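Predicted model, so just to flag it, every value in this text is computed and none were measured. Along the sequence shown, residues are numbered consecutively beginning with 1.
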Amino acid sequence: MDWLKIIHLLAVMGWMTSIFAVPRALIYWKREHARLGDFGPLGDLTIRLYRFSAGLGVIALITGIWLGWIWGFPAWLHLKIGLVLLLVVHYVWTGRMVLLATRGIFRESDMFLRIFNEISVFVVIAVLWAVVVKPF
């Protein structure tokens, strides 16, 4: 079971990289697009990071459910799953922004993207608390 935990943690770390980095990259991509009036290298990097991390998110989800099944889905795990679902919503929302950005559409302000980026940090802290403290 230790190898399963290791795979889960590695996949989660990779997925979290995208959750933290892509909204920030959108800010810089938006600025680059305004300056160049074209797609630019930041757009390519942002899209590649988002796509790569999608696979890691799927691996994290599968291994997480597998671990939950092994542990019998204790009560604290229900809290963690709920919080992870919030991160999935955040990730999908980010993907929608990336998709629009590929068409040159940047609707969100820099301030919105910064706040959007920081919200995920608070949710991840809550996930870590649930996993470490196991409140129920």
Side-chain angles (χ1 to χ4, degrees):
M1 183 169 52
D2 287 340
W3 62 269
L4 188 58
K5 287 181 191 177
I6 291 168
I7 292 170
H8 179 68
L9 288 172
L10 285 172
V12 167
M13 287 169 31
W15 187 52
M16 286 295 106
T17 300
S18 176
I19 286 178
F20 295 150
V22 172
R24 178 62 67 176
L26 280 166
I27 294 170
Y28 298 118
W29 184 6
K30 179 180 174 182
R31 292 176 185 170
E32 180 183 70
H33 187 271
R35 192 182 77 236
L36 300 176
D38 199 11
F39 192 75
L42 274 174
D44 185 53
L45 176 67
T46 305
I47 292 167
R48 288 174 186 266
L49 177 59
Y50 186 83
R51 284 182 183 162
F52 177 72
S53 67
L56 293 173
V58 169
I59 293 169
L61 185 65
I62 290 168
T63 56
I65 291 170
W66 190 353
L67 285 166
W69 182 74
I70 290 170
W71 294 331
F73 289 100
W76 65 268
L77 192 56
H78 294 270
L79 173 61
K80 178 191 175 190
I81 291 169
L83 292 167
V84 169
L85 287 175
L86 289 176
L87 289 172
V88 168
V89 169
H90 182 279
Y91 186 77
V92 170
W93 190 348
T94 302
R96 179 161 162 56
M97 289 187 282
V98 169
L99 184 62
L100 289 172
T102 61
R103 299 184 208 144
I105 302 168
F106 296 90
R107 292 182 180 155
E108 292 76 15
S109 68
D110 288 6
M111 180 65 77
F112 173 86
L113 290 169
R114 284 191 177 111
I115 293 169
F116 183 75
N117 189 36
E118 298 306 321
I119 288 170
S120 63
V121 174
F122 291 112
V123 177
V124 170
I125 289 170
V127 169
L128 291 172
W129 175 81
V131 171
V132 173
V133 175
K134 295 177 178 60
F136 347 99

Distance, nearest 0.5 Å, that separates [atom1] of [X] from [atom2] of [Y]:
{"X": "Trp71", "Y": "Met1", "atom1": "CH2", "atom2": "CE", "result": "6.5 Å"}
{"X": "His90", "Y": "Asn117", "atom1": "NE2", "atom2": "CG", "result": "6.5 Å"}
{"X": "Lys134", "Y": "Lys80", "atom1": "NZ", "atom2": "NZ", "result": "9.0 Å"}
{"X": "Leu83", "Y": "Leu128", "atom1": "CG", "atom2": "CG", "result": "10.0 Å"}
{"X": "Leu113", "Y": "Thr94", "atom1": "CG", "atom2": "OG1", "result": "9.0 Å"}
{"X": "Leu67", "Y": "Ile62", "atom1": "CG", "atom2": "CD1", "result": "12.0 Å"}

Tell me whether [X] shares a hydrophobic cluster with [Y], the cluster being built from Ile, Leu, Val, Met, Phe, Trp, Tyr side chains joined at under 4.5 Å.
{"X": "Leu56", "Y": "Val89", "result": "no"}
{"X": "Val22", "Y": "Val88", "result": "yes"}
{"X": "Leu79", "Y": "Val121", "result": "yes"}
{"X": "Ile47", "Y": "Ile105", "result": "no"}
{"X": "Ile81", "Y": "Val131", "result": "yes"}

Can you give me the closest heavy-atom contact between [X] and [Y], atom names plus distance?
{"X": "Ala60", "Y": "Thr63", "answer": "O-OG1, 3.2 Å"}
{"X": "Gly68", "Y": "Leu77", "answer": "CA-CD2, 3.3 Å"}
{"X": "Tyr91", "Y": "Ala54", "answer": "OH-N, 3.0 Å"}
{"X": "Val92", "Y": "Tyr50", "answer": "CA-OH, 4.0 Å"}

Do [X] and [Y] come within less than 4.5 Å of each other through their side chains, counting heavy atoms only?
{"X": "Pro41", "Y": "Glu32", "result": "yes"}
{"X": "Ile19", "Y": "Val124", "result": "no"}
{"X": "Trp129", "Y": "Pro135", "result": "yes"}

[X], [atom1]: over 12 other non-hydrogen atoms inside 6.0 angstrom:
{"X": "Phe52", "atom1": "CZ", "result": "no"}
{"X": "Phe136", "atom1": "CZ", "result": "yes"}
{"X": "Arg51", "atom1": "CZ", "result": "no"}

Q | Residue pairs, two or more places apart or on separate chains, that pass side chain to side chain donor-acceptor pair (under 3.5 Å) and touch residues 96-110 | A |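 Only Arg31-Asp110 qualify under side chain to side chain donor-acceptor pair (under 3.5 Å).
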Donor-acceptor pair, [X] side chain versus [Y] backbone, under 3.5 Å?
{"X": "Ser18", "Y": "Trp15", "answer": "no"}
{"X": "Thr17", "Y": "Met13", "answer": "yes"}
{"X": "His33", "Y": "Gly40", "answer": "no"}

**Q.** Parallel, tilted or perpendicular: ring planes of Phe106 versus Trp29, cut at 30 and 60 degrees
**A.**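 The arrangement is perpendicular - the two ring planes meet at more than 60°.
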